[in-house]
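These notes concern the structure reproduced below.
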Amino acid sequence: VLQDPSSSTVEFNSRNKKYRSLERSFKRRLRVIYQSTIFWTDLSLITPLSTTVQSDPEPEKVLCLDSVGKGDWSLQRLRLSPSEHALAATVKAPHREEARCVLVKLGDREPTLDPPQPLLTIDKVFSVEWATDDILFYSSQQKLQCHHVFRLDLTATGTRSALVYQEQQPDVFVEVSLSRDRRLVLVNCSSKRSSEVWLIDSAKPLMEPTLVQARLPELLYHVEHSHGQLYILANTGPGQEYQVLRAPLSSPSIKHWVPVCSPGPGTAVKDMEVLQDHCVLATRDPLGLLALQVVPLSQPATTSTLQLPPWACAIETKRAGLTDSGWLEFLLSSPVHPPVLYRYYPRENRLLLQEDTEERRTPQEYQTTRLEAPSQDGTMVPLTLFHRPMLEELRGAPLLVHVYGAYGMDLNMDFSPDKRLLLEDGWALAYCHVRGGGERGLGWHRQGRMEGKSRGVEDLAACIHRLYDLGVSRPSLTALTARSAGAILVGALCNLHPHLIRAVTLQAPFLDVLGTMQEPSLPLTLEERGEWGDPMSDPCQRDTIASYCPCHNIIPQHYPSMLLTAYIEDNRVPVAGVHKYEERLREAIHTHLNESEPTPSVILDLQPGADHFGPGDFELSLTESARQLAFLHTELGLNQQKTKNRRN
């Protein structure tokens, strides 16, 4: 029986008074870090950039989120029509999966007037792109699935909507995007194992979409356009890794694909941008260092590589403006380093820092150490460590280990104020880039997927042992954290090696893999079979899932303390599976009770809503982070240690 979320939160607070004062303290400190490191922007009022010019110092207000409807809306995406005659904004209310699209007509208005009322709102929209000032394409979302693309015509007499694409495969997700030169609207249809792209000419938006290449098993590809040529990033390179190919727009199928550039062995491609006359790849080397690989389109053999700053762990390219200026802007960050804006000019091979505030926003001196750990089968697993004291001085430092290892996605290493706070408090922060993720390319994901999740668990254990061997922390001062599918590796590690760590925090944790994948009525079960397997039709796959499923392998033994944060309406990770895991874990701990070992805390923090990726509301997000910090601090005994130090 599911608990009422409000009563669950009250239960959490009433049963865990020892965390309360620490939670309040951490919340105050986190707020200060947010204010000092994040550039605040008031997104409740949206203004077009072209109105902010010297002759017009007062921007024109074009959209007020209060006019969207009842609720606390947050902005998701903004799309301006080619001549800036109209604006499409997608907004999202708390605790909802689907977004709402709001259309606003732009024009000559007095800047002091209130924003105009929306021309039209469309519910359950995932992605939107303008082809012309009068024609908008959008994909619709039903719960967690996107199977339809519509064309919206804005005519003088009203609006008219027409279906232009319908996906038949249940495991395929559809979204629309725009080529950087704005010549093509792209209908991207992707599953875990294959993809296909359809093209719509922005100059002829009423024509039927054109197929680039029909989906083939294990073929993944993405498309860009420049000067009548398609540039295709596809996993057709050596070892089924990504390479860049070219094909005429008039003959886009795979038989016309010609290789342009294949990154070297061990280099993983993270993104591709096609500028006016250059293709720029964001790449990551085996140790995790980021670089730009620059390919002149007229002379692809003269490819060059630009190494990015060694502290950078995450790159986010910025969307091109209404006209392609020929340069590339992107943000670099790390878990402890706030985003910094750079601009790259490929013709001059010049990289410029666009902000003069880096010194103010950079934390006090810290180290970024990149390591490798030998896994059980001899594979070297990359590991990134952030710390302020020197490596040899970390024996007594608390350690927080991060892991993900699923879907071929890199471990999230974007800036996080709570990680910055821990670093300033003397913690070491470890990021384990285990198999199943994408840090070393598609093959890294395939190894983790084909071996079940056993390789990922072995990799995680190897990383932790490697840190201990180097003198970094010790089990009584070590905590492990993950979210969503990353919880599978954490739960499996706790079943196999419970004494390696002292505490665990999991957010929206996927812990009952076997139970979930045997329930076809759940929203993502069919789509997820490409990642986890099909236990219903294949006994071998069922046995593989059962061998690592955290919920299926709990036994009476010692376990670390755990804080499980779940969301009662989460459609991605059913909360029933989290409840099942918690109940089985409590029973196993109770059966094993040993007077020589401290009884671990097992806490389920059940929150309202469907915010699988965490609360959209700033205050709720701040509270959640502060609560997790208070839990870690208490369970590792750090507050007691501080009290002893003050007495001494």
Could you check if a side-chain atom of [X] sits within less than 4.5 angstrom of a side-chain atom of [Y], using non-hydrogen atoms only?
| X | Y | result |
| --- | --- | --- |
| C432 | V401 | yes |
| R449 | E531 | yes |
| P263 | L281 | yes |
| Y559 | V602 | no |
| L629 | L22 | no |
| N412 | Y404 | no |
| F26 | L632 | no |
| V513 | Y548 | yes |

- Listed by chain and number, what are the ring pair (Phe, Tyr, Trp, His ring centres under 6.0 Å) partners of W532, not counting sequence neighbours?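 By the ring pair (Phe, Tyr, Trp, His ring centres under 6.0 Å) rule, W532 matches Y407, F510.
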- All ring pair (Phe, Tyr, Trp, His ring centres under 6.0 Å) counterparts of Y567, not counting sequence neighbours: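 With neighbours one apart ignored, the set is empty.
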- Message: Can you classify the ring geometry of F631 versus Y19 as parallel (below 30°), tilted (30 to 60°) or perpendicular (above 60°)?
- Response: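 Aromatic pair F631/Y19 classed tilted.
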- Query: So Y242 and H222, would you call those rings parallel, tilted or perpendicular, with 30° and 60° as cut-offs?
  - Reply: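 It falls in the tilted class, 30° to 60°.
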[X] and [Y]: side-chain donor and acceptor closer than 3.5 Å?
| X | Y | result |
| --- | --- | --- |
| D271 | T317 | yes |
| E624 | Q507 | yes |
| E23 | H633 | no |
| Q447 | R435 | yes |
| T236 | Q243 | yes |
| N188 | S177 | yes |

Atom [atom1] in [X], atom [atom2] in [Y]: separation rounded to 0.5 Å?
| X | Y | atom1 | atom2 | answer |
| --- | --- | --- | --- | --- |
| D418 | S625 | CG | OG | 4.5 Å |
| L400 | I501 | CG | CD1 | 10.0 Å |
| L385 | L429 | CG | CG | 7.5 Å |
| C549 | M517 | SG | CE | 11.5 Å |
| L496 | N553 | CG | CG | 7.5 Å |
| D534 | Q518 | CG | CD | 9.5 Å |

- Item | Salt-bridge contact E458-R455 (side-chain N to carboxylate O under 4.0 Å) |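 Yes, this pair counts.
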- May I ask you to decide whether R440 forms a salt bridge with E241, counting only side-chain N to carboxylate O separations under 4.0 Å?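 Judged by the 4.0 Å cut-off on N to carboxylate O distance, R440 and E241 do not form a salt bridge.
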Would you name the heavy atoms of [X] and [Y] that are closest together and state the gap between them?
| X | Y | value |
| --- | --- | --- |
| V573 | P509 | CG1-O, 3.0 Å |
| S561 | P600 | OG-CA, 3.5 Å |
| L489 | G405 | CD1-CA, 4.2 Å |
| V457 | A492 | CG2-CB, 3.6 Å |
| V403 | V434 | CG2-CG2, 3.8 Å |
| P550 | L511 | CD-O, 3.4 Å |

Examine distances only and state if a side-chain atom of [X] and a backbone atom of [Y] form a donor-acceptor pair shorter than 3.5 Å.
| X | Y | answer |
| --- | --- | --- |
| Y165 | V174 | no |
| E635 | R502 | no |
| T481 | T505 | yes |
| S139 | S127 | yes |
| S74 | K92 | yes |
| E196 | A214 | no |
| S473 | A397 | yes |
| Y221 | V197 | yes |
| W444 | A268 | no |
| S547 | T544 | yes |

- Looking at residues at least two apart in the chain, or sitting in another chain, which of them share a side-chain hydrogen bond (donor to acceptor under 3.5 Å, both in side chains) with E218?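 Counting only residues at least two positions away or on another chain, E218 forms a side-chain hydrogen bond (donor to acceptor under 3.5 Å, both in side chains) with R193.
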- Query: Going through the checks in order, is the salt bridge (charged side-chain N to carboxylate O under 4.0 Å, His left out) test met by D285 and R370?
  - Reply: CA-CA 11 Å; D285 76 3; R370 300 182 188 271; over 6 Å; no
- Task: For E527, enumerate each residue passing the side chain to side chain contact (heavy atoms under 4.5 Å, CB included) test, keeping only those at least two apart in sequence or located in another chain.
- Result: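 If we apply the side chain to side chain contact (heavy atoms under 4.5 Å, CB included) test to E527, skipping adjacent residues, the hits are D171, K192, L524.
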Would you say [atom1] of [X] has more than 12 non-hydrogen atoms from neighbouring residues, nucleotides or ligands within 6.0 angstrom?
| X | atom1 | value |
| --- | --- | --- |
| K124 | NZ | no |
| E519 | CD | yes |
| M409 | CE | no |
| Q376 | CD | no |

- Task: Show your reasoning for whether side chain to side chain contact (heavy atoms under 4.5 Å, CB included) applies to M413 and H433.
- Result: CA-CA 11 Å; M413 298 189 75; H433 310 292; 3.4 Å; yes
- Quick one: do E97 and K143 satisfy side chain to side chain contact (heavy atoms under 4.5 Å, CB included)? Show the steps, please. CA-CA 7 Å; E97 278 288 347; K143 292 187 177 179; over 6 Å; no
- Cationic tip of R77 above F126 ring, under 6.0 Å, 45° of axis: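 Satisfied, under 6.0 Å and within 45°.
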- Task: Start with the C-alpha gap between L522 and E528, add the side-chain angles, then the distance that decides, and say whether side chain to side chain contact (heavy atoms under 4.5 Å, CB included) holds.
- Result: CA-CA 11 Å; L522 294 174; E528 298 289 270; over 6 Å; no
Atom pairs and distances, side-chain donor-acceptor, residues 463-472, under 3.5 Å, sequence neighbours left out:
residue, atom, partner, partner atom, Å
R466, NE, E372, O, 3.2
Y468, OH, T478, OG1, 3.0
Y468, OH, L500, O, 2.7

- Where at least one partner belongs to residues 475-504, residue pairs that pass ring-ring contact (aromatic ring centres under 6.0 Å, His included), sequence neighbours excluded: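 Residue pairs with at least one partner in residues 475-504: H499-H558.
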- Dump the intermediate steps for side chain to side chain contact (heavy atoms under 4.5 Å, CB included) on L638 and L477, then the final yes or no. CA-CA 9 Å; L638 300 183; L477 287 175; 3.9 Å; yes
